[in-house]
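Worksheet: the structure to be examined is printed underneath.
Computed from heavy atoms alone, side chains included, the values below leave out hydrogens, waters and symmetry copies. To find a chain, count down the sequence lines: A is the first, B the second, and so on, and within it residues start at 1.
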Amino acid sequence: MSASQSAAAIAAARPPPGRVTLFWRAFAENRGAVVGLALMLLLIVVAVFADVVTPHSPIEQFRDHFLAPPLWQSGGSERFLLGTDDVGRDILSRLIYGARLSLLIGLAVVALSLTLGTVLGLIAAFAGGTTDVLIMRIMDILLVFPSLLLAIVIVAILGPSLFNAMIAVAVVTLPNYTRLVRASALGELARDYVTATRSAGAGPLRLMFSTVLPNCTAPLIVQATLGFSSAILDAAALGFLGLGAQPPTPEWGTMLAGALQFYQRAWWVLAFPGFAILVTVLAFNLFGDGLRDALDPRLKR
Amino acid sequence: MIRFLLRRVALILPTFIGVTLLSFMLIRLVPGDPIEIRFGERGISAERLAELRHEAGFDRPLWRQFVAYEAQVAQGDLGTSVVTHDSVWGEFITLFPATIELSVCAILFAIAIGLPLGVIAAVRRGSVFDYGLMGLSVTGASMPIFWWGLMMILVFSVALGWTPVSGRISDAVYVVPWSGFMLIDAWYSDDAGAVRSALSHLILPTIVLGTIPLATIARMTRSSMLEVLGEDYIRTARAKGLGTLRVVVVHALRNALIPVVTVIGLQVGTLLGGAILTETVFSWPGVGHWLIESIQRRDYPVLQGGTLLVATLVMLVNLGVDLAYGFLNPRIRR
């Protein structure tokens, strides 16, 4: 037996790759997605260990260092790597705490709208008839408004605060999940295994959550990832308009709003928070696109 | 075709009523009593307040107030601004041309750049150009446009001094406001400086508002082209010996455009939402700027009427896209 033959035999004897391996291979094919994942992990680590990695407190005001430039510009110092804002707060530290805030915003908004949307979508698919029409009509109405405008209206009603901005963004993104769950649930309901489970005596709740829902998760995971990025973006836009987090909260959009009076003199108070928003949203979008391709090869183009 | 048309039109009626219900609720849910907001600062007595409340119909049952509101909206009465005391419709219609002008320029910019880029990326699939463009397109779609606009101002207006920072035209030129569209009015003013000023004010907001649609259109064109380029009839066309340019532009692009046109139609909501941010950043005197100001001034009738108008507009454009699609593609008429 030659060496190449035995190598082939060993390869043939190796167990087939598991689901995780197969998924990772499909996912890693998309280089952008891997970059997105790496950025996401970095952001999460930074956000979790914000207390340890920040050089200063995000709200401490250094009275002798108003609008100090970043390190590489003349007048910059190692003490404030990305400079300070108009009241002498360290921008880098605020950005790092902002990362924590933005990820929490994304998490809370997605959790809220995903849960509510899943329940509504399942009810619409299972109940059918008037209930279905009513739920889907309400979603259509929400979709008619440009998302930012609807969020603005909701915040106008509830009052400007970070919490209310999160509720507004969750309501705005609700129709996406409801439609998605309803469509995939309707697809599954026609399958034999659902009929079989039903005739075996499973109640509606069991059918909904433990029979049908697990088979609708792939598109939901993708939507939730992309929902993360739009939640962060919309919450930042509300913060920028003065309708989201209020100063001195180190939220990126709110920081931009605060920079408006000074940005022509001090570009760094403007450039870095926006760049942080861009990178975060980009990371989630890249990751979400990669997930979609890996989970559903039919959509791949 | 007529049945399809009637069905689609009938379908938007309940949506419209839902939208009016939402805007009706808005004025009742915002903090503060609407009558007190309107007259409150003048220190009127409690009896007079009750009288005014009665006159405005705020003491009637909610459903009757809603019916009255529907009748009012049906007659085109969208209320009066608390701050300026002008009718909401009047204010909207004066400011709306500014928003249309900006949105039209933005979508034209997005199509003019996005469509060819998407086609080239599809034809050169897997090339450096393709990867580069797709990377840029995800970046564009992830852009916080309020920051993007400010960065543009910082670079092109402040550092380079090429473009003005805000507004629609320089204070130094006077243009007769005839159509409300600054480019048209400036053109008819026979003043070359006016046209140049209007254009230079328009360019940055156009790019900023057009960024997300540009990214979407480039991406959509690319994937739609890739699908069509794989079809048999394209191979036939190539086999006949037709040149690449002819195959791509005449044979492939025409069919690939159908989903792209739908995507362009669906950008209206994105544009109007983006206009709120773009107009705020550039102090562009349009509807988006007006809505944000209405919140800051607690001018809730304006927010109510403006929101209703914008939502109705999106609904009508979506209907138009739907009808056009049914007209172009008989299969979906059902």
Of B:L22, B:V268, B:L154, the largest count of non-hydrogen pairs under 4.5 angstrom with chain A goes to B:L154
For B:V310, is it the side chain, the backbone, both, or neither that has a heavy atom closer than 4.5 Å to a heavy atom of chain A?
side chain
Less than 4.5 Å to any heavy atom of chain A: does that hold for the side chain of B:L21, its backbone, both, or neither?
neither
Residue, of A:L256, A:L148, A:L233, A:L270, that accumulates the most heavy atom pairs under 4.5 Å with chain B:
A:L270
Please state whether the side chain, the backbone, both or neither of A:D234 comes within less than 4.5 Å of a heavy atom of chain B.
neither
Is B:T280 in contact with chain A via its backbone, its side chain, both, or neither, using a 4.5 Å heavy-atom distance?
side chain
Look at atom CZ of A:F275 and say whether more than 12 heavy atoms of other residues, nucleotides or ligands are closer to it than 6.0 Å.
no
Which bit of B:I295 comes within less than 4.5 Å of chain A, counting heavy atoms only: side chain, backbone, both or neither?
side chain
Best-contacting candidate, B:V19, B:V314, B:V158, B:L272, against chain A by heavy atom pairs under 4.5 angstrom
B:V19
Rounded distance [0.5 Å steps], CZ in B:R125 versus CG in B:D130:
8.0 Å
State the CD1-CD1 distance between A:I105 and A:I232, to the nearest 0.5 angstrom.
7.5 Å
Taken to the nearest 0.5 Å, the spacing of B:R28 CZ from B:L62 CG works out to 6.5 Å
Give a yes or no on this: more than 12 heavy atoms of other residues, nucleotides or ligands lie within 6.0 Å of atom OH of B:Y131.
no
Going from CZ on A:F272 to CZ on A:R94, what distance comes out if it is rounded to the nearest 0.5 angstrom?
15.0 Å
When rounded to the nearest 0.5 angstrom, what distance separates CD1 in B:I17 from CZ in B:F24?
13.5 Å
Honestly, the part of A:L158 sitting under 4.5 Å from a heavy atom of chain B is neither
Less than 3.5 Å apart, any donor N or O on the side chain of B:T15 or A:D140 sitting next to an acceptor on the other?
no
Do A:S102 and A:W252 have side-chain atoms, one donor and one acceptor, less than 3.5 Å apart?
no
Could you look at B:I145 and say if it's the side chain, the backbone, both or neither that has a heavy atom under 4.5 Å from chain A?
neither
Between atom CZ of B:F156 and atom CD1 of B:I207, what is the distance when rounded to the nearest 0.5 Å?
7.0 Å
Taking A:I154, A:V281, A:I157 one by one, which has the highest count of heavy-atom pairs under 4.5 Å against chain B?
A:I157
Answer key: most heavy-atom pairs under 4.5 Å with chain A among B:G274, B:G135, B:G273, B:P144 is B:P144
What residue, out of A:L260, A:L143, A:N285, A:V279, has the most heavy-atom pairs lying under 4.5 Å from chain B?
A:N285
If we define contacts as heavy-atom pairs under 4.5 Å, which of B:L150, B:V281, B:N318 has the most with chain A?
B:L150
Heavy-atom contact with chain B under 4.5 Å, split by part of A:F240
side chain
